[in-house]
Amino acid sequence: MLSVQLVGRLFAMAGRVCLSRSSAGLGTVGPVEAAIRTKLEQALNPEVLELRNESGGHAVPPGSETHFRVAVVSSRFEGLSPLQRHRLVHAALSEELAGPVHALAIQARTPAQWKENPQLDASPPCLGGNKKTRGTP
């Protein structure tokens, strides 16, 4: 039998949208991705949290967790500049950004802003680690 507390938490979670999309489309979540999700949920209590591991599109070994894109929708962002919002995300993920995460693309929006455009942006293709430019052979 479910406890009253557990049922309450399930209903609260059902009101939020939390998605994870791995770059390989396998839906597997690694330990870094799980830590990012947990820390952002605890720090920002987001209404929407979309997290995508884009490491597979970069020059890293298979299964890496180094490149991420995140959309965080939180009322905590009300009245804050984009820089202040990013600082909140960076503060929550300081350990990951100092270690395994090489790149983090952030979309930090208020609930009203998300209603206007409710999607996670796409990253451009990786050009590799040798500083190539488009059109260069």
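Annotation: the span from L97 atom CG to I36 atom CD1 amounts to 7.5 Å, rounded to 0.5 Å. With values rounded to the nearest 0.5 angstrom, Q107 atom CD is found 11.0 Å from Q113 atom CD. The distance from the CZ atom of R52 to the CZ atom of F68 is 12.5 Å, given to the nearest 0.5 Å. Taking CD from Q119 and CH2 from W114, the interatomic distance works out to 7.5 Å, rounded to the nearest 0.5 Å. The CD atom of E41 sits 5.5 Å away from atom CG of L49, with the distance rounded to the nearest 0.5 Å.
Inter-residue side-chain proximity for P111 and V73 is flagged as met; some heavy-atom pair is nearer than 4.5 Å. Here the side chains of L51 and L40 are not in contact, with every heavy-atom distance at 4.5 Å or above. Considering only heavy atoms from C-beta on, E65 stays 4.5 Å or farther from P100 through its side chain. Side-chain contact between L93 and V101: absent, with no pair of heavy atoms (C-beta onward) separated by less than 4.5 Å. Using a 4.5 Å heavy-atom cutoff, the side chains of E50 and R69 are not in contact. The closest side-chain heavy-atom distance from I106 to H90 is below 4.5 Å.
Counting only distance, with no hydrogens or angles, the side chain of R109 and the backbone of N117 share a donor-acceptor pair below 3.5 Å. No side-chain donor-acceptor contact under 3.5 Å links E33 to the backbone of N53. A donor-acceptor contact shorter than 3.5 Å links the side chain of R76 to the backbone of A43. Side chain of E78 to main chain of S75: no donor-acceptor pair is present (N/O by atom type, distance under 3.5 Å, no hydrogens or angles).
When all heavy atoms of F77 and L44 are compared, the closest pair comes out as CZ-CD1, 3.8 Å. The minimum heavy-atom distance linking E96 with A35 is given by the pair OE2-CB, 3.6 Å.
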Determine, stepwise, if the pair V89 / L104 fulfils side chain to side chain contact (heavy atoms under 4.5 Å, CB included). CA-CA 10 Å; V89 172; L104 178 66; 4.2 Å; yes

Would R85 and V72 count as a side chain to side chain contact (heavy atoms under 4.5 Å, CB included) here? Give the steps. CA-CA 10 Å; R85 296 172 187 189; V72 183; over 6 Å; no

